[in-house]
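Please read all numbers here as calculations on a predicted model, not as lab measurements. Quick note: numbers below take in every heavy atom, side chains included, and nothing from hydrogens, waters or symmetry partners.
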Amino acid sequence: MPWSIWSGGLRGAWNEESWEDDEPGAAGCPCGNEEFEAAVAFSLGDDASVRWVTVGLRCAQDGFCGVYADWKIDYGPTDHLLTMV
């Protein structure tokens with residue numbers, strides 16, 4: 001499944017029920033560019049389960065960086081999140 005960045009998360013990481021609650025949002029750089037390099041970071045709990053997921057984008061034109069999604073994971077198991085990226 002391809003990934004899409006939305007204001008509420010990454011499509012593909014959630015089930016359809018939680019996906020319908022998300023509101024879409026476009027990612028764009030202040031320079032007007034819409035092409036990015038992406039990075040995903042995971043914060044793990046003491047039991048090695050994913051607790052937070054953060055998505056950062058870097059503009060391919062001017063290098064502007066920003067966090068475009070950051071959310072808490074409050075379900076388990078979470079192993080599938082680490083393999084989806």
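- The OG1 atom of T78 sits 12.0 Å away from the CE atom of M84 when rounded to the nearest 0.5 Å.
- Closest of all the heavy-atom pairs between N33 and A60 is ND2-N, 3.7 Å.
- Looking only at side-chain heavy atoms (C-beta outward), I73 and V53 come within less than 4.5 Å of each other.
- Note on L44 and V40: same hydrophobic cluster, where clusters join Ile, Leu, Val, Met, Phe, Trp and Tyr whose side-chain heavy atoms are under 4.5 Å apart, directly or indirectly.
- Atom CZ of F42 sits about 12.5 Å away from atom OG of S49, to the nearest 0.5 Å.
- Taking both residues in full, the closest heavy atoms of D62 and C31 are given as OD2-CB, 3.5 Å, listed atom of the first, atom of the second, then distance.
- The hydrophobic clustering, which links ILVMFWY residues whose side-chain heavy atoms are closer than 4.5 Å, places W52 and Y75 apart.
- Counting non-hydrogen atoms of other residues, nucleotides and ligands closer than 6.0 Å to CD of E34 gives a total of 12 or fewer.
- The minimum heavy-atom distance between C29 and F64, with the atom names listed, is SG-CB, 3.7 Å.
- For the pair R58 and G63, the tightest heavy-atom approach, listed with the atom from each and the gap, is CG-O, 3.8 Å.
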